[in-house]
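What you are looking at is a predicted structure, and each value in this text was computed from that prediction instead of being measured.
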Amino acid sequence: MNGKKEGVKMQSIQQMIQTVLDDTRPTVLAMIVKVEGSSYRKEGSWMLLQENNVRIGMISGGCLENDLHNRAAQLFNTGKAETVRYDLSAEDDLGWGRGAGCNGIITILMRDIDSDFRRILHIAHVQVLAKEPVYFLQSLTDFSRYGCTALNGSQYGKIQLKLPFNLNTMAPFQEAAKQTTIGEEIVYFQLIWPRPVLYIIGAGADARPLARLSGSAGYEVHLLDWRSGVCNEVHFPTAASIQIGDVAKLISNVKFSPLDSVVLMTHDFQIDVEIGRHLLGQKLLYFGILGSKNRTERIFDGELPSSVHSPAGVSIGADGPEEIAVSIMAELIAVRRGKSL
């Protein structure tokens with residue numbers, strides 16, 4: 001490593017875990033474990049600080065990162081952890097953020113990622129790859145006690161606590177990140193979901209901005225189309241997979257999860273009929289079809305199923321591929337966050 005500052009990278013928590021497992025350079029994990037009032041990010045936000053001045057993710061709007069990196073320099077290769085409390089409520093330039101006026105107080109846990117902590121992250125990683133959520137637990141009374149709890153109740157690590165929550169009854173992507181007191185111990189727990197997956201069926205020019213935006217938002221994006229001339233790495237360089245062939249056959253081989261989202265945008269009515277009716281039988285988090293409501297009703301013999309979003313996207317008067325992609329992304333995020341529009 002040459003010590004050159006490499007800047008800031010944005011990744012989802014799932015991608016951060018993968019980064020830590022793939023890259024063993026000295027790294028400190030910073031996570032927000034408590035917010036009093038308002039703040040730029042919420043409890044459960046993560047950031048990685050690496051020895052070569054790389055920052056992955058953001059904890060604030062930029063006002064805390066430099067101080068956090070200075071603190072991380074004292075933690076690299078120590079296996080230690082600490083909490084830092086920042087008061088961002090000041091409106092003048094004497095407090096954090098040069099008068100950010102966020103009206104909040106943030107507590108951040110910083111931990112050097114050693115081999116044992118990597119082991120716990122590996123276990124969590126295996127769970128999310130299996131498309132199952134996992135609870136991460138960290139004692140704030142004794143930093144050496146941490147671990148994770150799987151969907152089946154299996155517990156790993158030095159902390160063995162029965163949480164008053166049932167993973168099997170949680171709504172998809174339901175957020176849970178907070179502190180609780182169990183006996184005399186203060187425990188921070190966070191529910192980590194698998195990385196959201198988006199299947200884009202149809203690789204026309206209007207699919208490109210959607211693939212790009214959804215990838216930037218943390219989605220694992222898969223493209224399916226019958227045309228190799230448009231469905232390729234040149235047009236979709238960040239896609240997790242590109243599948244070319246008879247789309248009906250390709251779709252029949254996909255094992256969809258209730259956490260998955262699909263946008264159907266082939267611009268071919270007959271293909272949309274065949275694929276749309278097949279997808280209607282799948283349990284999906286989100287199923288959107290590009291095109292007018294009238295067109296979609298014709299796909300389903302005159303009636304729009306309640307599980308289908310059509311036209312796909314939030315009604316913002318979007319015009320053109322870029323704006324339509326923004327509207328679809330807004331709807332995808334709202335559905336995943338459990339927000340009504």
Practice task
Dump the intermediate steps for side chain to side chain contact (heavy atoms under 4.5 Å, CB included) on R212 and T238, then the final yes or no.
Solution key: CA-CA 7 Å; R212 183 175 65 252; T238 61; 5.7 Å; no

Exercise for the section: Evaluate the side-chain proximity of K293 to L304: yes if any heavy-atom separation is below 4.5 Å, no if none is. Expected result: yes

Practice task
Output yes when D142 and K158 qualify as a salt bridge under the 4.0 Å nitrogen-oxygen rule, no when they do not.
Solution key: no

Handout entry: Least distance between heavy atoms, V221 atom then A211 atom
Key = CG2-O, 4.0 Å

Exercise for the section: Could you label the plane-to-plane angle of the Y199 and H222 rings as parallel, tilted or perpendicular, counting under 30° as parallel and over 60° as perpendicular? Expected result: parallel

Fill in the blank from the handout: Between L151 and Q127, the two heavy atoms sitting closest are N-OE1, 4.4 Å

Exercise for the section: Can you label the angle between the Y286 ring and the H309 ring as parallel, tilted or perpendicular, going by 30° and 60°? Expected result: parallel

Practice task
Report yes if the side chains of V35 and K42 come closer than 4.5 Å at any heavy-atom pair, otherwise no.
Solution key: no

Practice task
Please lay out, stage by stage, how L224 and I275 fare under the test side chain to side chain contact (heavy atoms under 4.5 Å, CB included).
Solution key: CA-CA 11 Å; L224 298 90; I275 302 302; over 6 Å; no

Handout entry: E185 and S139: CA distance, side-chain angles, deciding distance, side-chain hydrogen bond (donor to acceptor under 3.5 Å, both in side chains) verdict
Key = CA-CA 7 Å; E185 188 171 29; S139 170; 2.7 Å; yes

Exercise for the section: Please lay out, stage by stage, how F256 and L279 fare under the test side chain to side chain contact (heavy atoms under 4.5 Å, CB included). Expected result: CA-CA 9 Å; F256 290 106; L279 290 174; 3.8 Å; yes

Practice task
Applying side-chain hydrogen bond (donor to acceptor under 3.5 Å, both in side chains), run through N152 and S154 and close with a yes or a no.
Solution key: CA-CA 6 Å; N152 63 7; S154 298; 2.9 Å; yes

Problem - Intermediate values then yes/no, side chain to side chain contact (heavy atoms under 4.5 Å, CB included), L48 and L29 - result: CA-CA 5 Å; L48 300 179; L29 168 64; 3.9 Å; yes

Problem - Passing option when D260 is tested against R195, K283, K131 for salt bridge (charged side-chain N to carboxylate O under 4.0 Å, His left out) - result: K131

Handout entry: Nearest heavy-atom neighbours spanning I200 and A207
Key = CG2-CB, 4.0 Å

Practice task
Give a yes or no on whether the backbone of I59 and the side-chain of E65 come within a donor-acceptor separation of less than 3.5 Å.
Solution key: yes

Handout entry: D22 atom CG, neighbour heavy-atom count above 12 within 6.0 Å
Key = yes

Exercise for the section: Evaluate the side-chain proximity of E43 to E175: yes if any heavy-atom separation is below 4.5 Å, no if none is. Expected result: no

Practice task
Search all heavy atoms of S310 against all heavy atoms of S292 and return the closest pair with its distance.
Solution key: OG-O, 3.7 Å

Problem - Over 12 non-hydrogen atoms of neighbours within 6.0 angstrom of NE2 in H278 - result: yes

Practice task
Side-chain contact test, heavy atoms from C-beta onward, threshold under 4.5 Å: evaluate it for D268 versus Q270 and give yes or no.
Solution key: yes

Problem - Under-4.0 Å salt bridge between D301 and R277 - result: yes

Exercise for the section: Spell out, as yes or no, whether a donor-acceptor pair under 3.5 Å connects the side chain of N232 to the backbone of H235. Expected result: yes

